[in-house]
Chemist: 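One structure follows; several queries about it will come next.
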Amino acid sequence: MKLRYIVPLALLFALIACVSAETFTPDEGIFAFREVEIFEINGINFTVPTDYNVTFKSDTEMDFKHDKDKLKISVVKGGKVKKVKKDLSKNITSGKTMFGATEGYLVDKNGTYTFSYKQDGKLVVLKSKDMALMIGAMEKYD
């Protein structure tokens, strides 16, 4: 009689464990010694510290927030890397740059950074005021 309740309950716990994301603490990189979680957005993985809460989620975009820090990541099929003309009067600078091994286009508009690049035929755009957060989100772990 008790077995009838124990087996479904055990299966339920196993299913919950498979669905929840795994957190870990890397010992190197931008997020060294911080607990992080890997999120998949449209087939591409990103690493975000666990103290950032998901404030918006869709198939192609996720927004994260911790205190006043925000991070927006979008991944869409196709699309072009948006280039912005420099406009020093509006405090906008832009240009090709490398974040780690990733070459893309960085725009700095009054201290808000947008980095866009192509990966696997998809346009990836990260936006935040914290450049280290953006670089760390792109780090890959095995």
Side-chain angles (χ1 to χ4, degrees), residues 3-142:
L3 187 60
R4 184 182 342 165
Y5 296 108
I6 293 173
V7 171
L9 191 58
L11 289 173
L12 177 64
F13 284 126
L15 180 63
I16 290 171
C18 290
V19 171
S20 63
E22 182 179 332
T23 60
F24 64 98
T25 305
D27 55 3
E28 61 184 6
I30 299 286
F31 298 139
F33 309 109
R34 285 181 75 181
E35 190 174 45
V36 296
E37 188 171 351
I38 294 178
F39 293 91
E40 182 183 306
I41 305 170
N42 203 3
I44 298 178
N45 290 336
F46 298 92
T47 307
V48 179
T50 56
D51 52 355
Y52 280 77
N53 297 316
V54 177
T55 58
F56 177 79
K57 182 179 181 180
S58 73
D59 292 339
T60 60
E61 181 182 320
M62 287 184 86
D63 296 351
F64 302 89
K65 185 176 181 183
H66 172 69
D67 293 331
K68 293 184 180 183
D69 290 336
K70 295 179 183 178
L71 173 65
K72 179 178 182 174
I73 304 172
S74 64
V75 180
V76 295
K77 290 184 180 179
K80 293 184 178 182
V81 175
K82 187 175 182 180
K83 297 178 181 175
V84 177
K85 291 183 180 178
K86 292 182 181 184
D87 187 343
L88 298 179
S89 67
K90 293 184 180 177
N91 207 15
I92 299 172
T93 59
S94 61
K96 262 189 175 178
T97 192
M98 296 281 288
F99 277 2
T102 306
E103 182 178 318
Y105 201 78
L106 178 68
V107 176
D108 176 1
K109 185 174 182 180
N110 295 317
T112 299
Y113 304 103
T114 304
F115 184 68
S116 53
Y117 62 98
K118 297 286 269 191
Q119 181 177 335
D120 301 332
K122 299 173 184 172
L123 175 64
V124 179
V125 180
L126 294 96
K127 184 176 184 178
S128 179
K129 289 187 178 207
D130 185 348
M131 192 178 298
L133 176 64
M134 294 169 48
I135 295 169
M138 295 169 34
E139 287 184 338
K140 307 295 182 219
Y141 297 95
D142 295 330

Chemist: Nearest 0.5 Å please: distance from the CG atom of Asp130 over to the CG atom of Leu71.
Modeler: 8.5 Å
Chemist: Could you list the residues that satisfy side-chain contact (heavy atoms from CB on, under 4.5 Å) with Ala101, not counting sequence neighbours?
Modeler: none
Chemist: Could you go through Phe39 and Val54, starting from their C-alpha distance and side-chain angles, then the distance that decides it, and tell me whether this counts as side-chain contact (heavy atoms from CB on, under 4.5 Å)?
Modeler: CA-CA 10 Å; Phe39 293 91; Val54 177; 4.0 Å; yes
Chemist: Mind checking the CE-CG spacing from Met138 to Leu133? Nearest 0.5 Å is all I need.
Modeler: 11.5 Å
Chemist: Please find the pair of heavy atoms, one from Thr114 and one from Met134, that lie closest to each other, and give the distance.
Modeler: C-CE, 4.2 Å
Chemist: Measuring from Leu126:CG to Leu106:CG, what's the distance to the nearest 0.5 Å?
Modeler: 10.5 Å
Chemist: Please name all residues satisfying salt bridge (Lys or Arg N to Asp or Glu O under 4.0 Å) with Glu61, sequence neighbours left out, ordered by chain then number.
Modeler: Lys72
Chemist: Taking only residues two or more places apart in sequence, or in another chain, which ones meet Tyr117 in a ring-ring contact (aromatic ring centres under 6.0 Å, His included)?
Modeler: Phe115
Chemist: For a quick test of reading the model, state the closest non-hydrogen atom pair linking Val81 to Ser116 and the distance between them.
Modeler: CG1-OG, 3.2 Å
Chemist: Supply the atom-to-atom distance Ile38 CD1 to Glu139 CD, rounded to the nearest 0.5 angstrom.
Modeler: 11.0 Å
Chemist: Residues in side-chain contact (heavy atoms from CB on, under 4.5 Å) with Ile41, at least two apart?
Modeler: Phe46, Met62, Ile73, Val75
Chemist: Under the side chain to side chain donor-acceptor pair (under 3.5 Å) criterion, do Glu35 and Thr23 qualify, and how do the steps go?
Modeler: CA-CA 7 Å; Glu35 190 174 45; Thr23 60; 3.2 Å; yes
Chemist: Measuring from Thr55:OG1 to Phe64:CZ, what's the distance to the nearest 0.5 Å?
Modeler: 8.5 Å
Chemist: Would you list the pairs meeting salt bridge (charged side-chain N to carboxylate O under 4.0 Å, His left out) in which at least one residue belongs to residues 115-125, sequence neighbours left out?
Modeler: none
Chemist: Could you list the residues that satisfy ring-ring contact (aromatic ring centres under 6.0 Å, His included) with Tyr52, not counting sequence neighbours?
Modeler: His66
Chemist: Please examine the side chains of Ser74 and Leu123, heavy atoms only from C-beta on, and report whether any two atoms are closer than 4.5 Å.
Modeler: no
Chemist: Can you tell me how far apart CG (Asp108) and OG1 (Thr97) are? Round to the nearest 0.5 Å.
Modeler: 11.5 Å
